[in-house]
**Q** 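Mind having a look at this structure? Questions to follow.
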Amino acid sequence: MRGCHCIVEGQVQGVGFRYFTQRAAEQLGIRGWVRNLPGGAVEIRAEGDHESLRQFLETVRQGPSFSRVAAVKTSPSELGGYSRFEIRI
């Protein structure tokens with residue numbers, strides 16, 4: 001298991017990005033959370049096996065059709081022991 005912290009920048013709020021991220025995570029068996037940040041970015045904490053996490057991050061970089069992902073800043077993170085993937089407010 002690996003953990004990842006991500007900040008996604010661009011046009012990623014108000015376009016269904018969090019729901020898109022949650023669906024992608026659930027399909028790949030990723031656990032963690034996603035939330036909007038005050039400055040317009042989206043924050044993600046994700047954990048899963050190496051290949052699932054790689055696929056998840058590739059999907060996040062594409063984003064939903066109405067989004068425009070300008071950058072995805074990733075860094076390793078401690079495992080949080082999450083049991084599912086949720087949208088945080």
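Please read all numbers here as calculations on a predicted model, not as lab measurements.
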**Q** Just how far is it from atom CD of Gln55 to atom CD of Gln27, taken to the nearest 0.5 Å?
**A**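 Going from CD on Gln55 over to CD on Gln27, the span is 10.5 Å.
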
**Q** Show your reasoning for whether side-chain contact (heavy atoms from CB on, under 4.5 Å) applies to Ser75 and His5.
**A** CA-CA 5 Å; Ser75 60; His5 176 250; 3.9 Å; yes

**Q** Can you tell me how far the CG atom of Asn36 sits from the CD atom of Glu43, to the nearest 0.5 Å?
**A**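 Rounded to the nearest 0.5 Å, the CG-CD separation comes out at 10.5 Å.
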
**Q** Which Ile, Leu, Val, Met, Phe, Trp or Tyr residues join Phe66 in one cluster when any pair of side-chain heavy atoms under 4.5 Å counts as a link?
**A**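 Hydrophobic cluster check, Phe66: joined to Val8, Val12, Val15, Phe17, Tyr19, Leu28, Ile30, Val34, Val42, Ile44, Leu53, Phe56, Leu57, Val60, Val69, Val72, Phe85, Ile87.
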
**Q** Measuring from Cys6:SG to Arg61:CZ, what's the distance to the nearest 0.5 Å?
**A**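 These two atoms lie 7.5 Å from each other.
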
**Q** Hydrophobic clusters join Ile, Leu, Val, Met, Phe, Trp and Tyr when side-chain heavy atoms are under 4.5 Å apart, directly or via other members; which others share one with Leu37?
**A**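 Besides Leu37, the cluster holds Ile7.
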
**Q** To which residues is Tyr82 joined in a hydrophobic cluster, defined by side-chain heavy-atom contacts under 4.5 Å among Ile, Leu, Val, Met, Phe, Trp and Tyr, whether direct or through other members?
**A**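 Same cluster as Tyr82: Trp33.
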
**Q** Running the 4.5 Å side-chain criterion over Ile, Leu, Val, Met, Phe, Trp and Tyr, what cluster does Met1 land in, apart from itself?
**A**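 Reading the cluster by chain and number, Met1 sits alongside Leu79.
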
**Q** Excluding sequence neighbours, so at least two apart, what forms side-chain hydrogen bond (donor to acceptor under 3.5 Å, both in side chains) with Gln13?
**A**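 None.
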
**Q** Between atom CZ of Arg35 and atom CD of Glu86, what is the distance when rounded to the nearest 0.5 Å?
**A**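 Between atom CZ of Arg35 and atom CD of Glu86 there are 11.0 Å.
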
**Q** Is any side-chain N of the basic residue among Glu26 and Arg23 closer than 4.0 Å to the acidic one's carboxylate O?
**A**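 No, Glu26 and Arg23 are not salt-bridged.
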
**Q** Looking at Ser77 and Cys4, what are the two nearest heavy atoms and their distance?
**A**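 Looking at all heavy atoms of both residues, the shortest contact is OG-N, 3.2 Å.
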
**Q** Kindly state each residue pair satisfying salt bridge (Lys or Arg N to Asp or Glu O under 4.0 Å) with at least one member in residues 64-78, sequence neighbours excluded.
**A**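 Qualifying pairs, neighbours excluded: Glu9-Lys73.
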
**Q** How long is the span from the CZ atom in Arg2 to the OG atom in Ser52, to the nearest 0.5 Å?
**A**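 These two atoms lie 12.0 Å from each other.
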
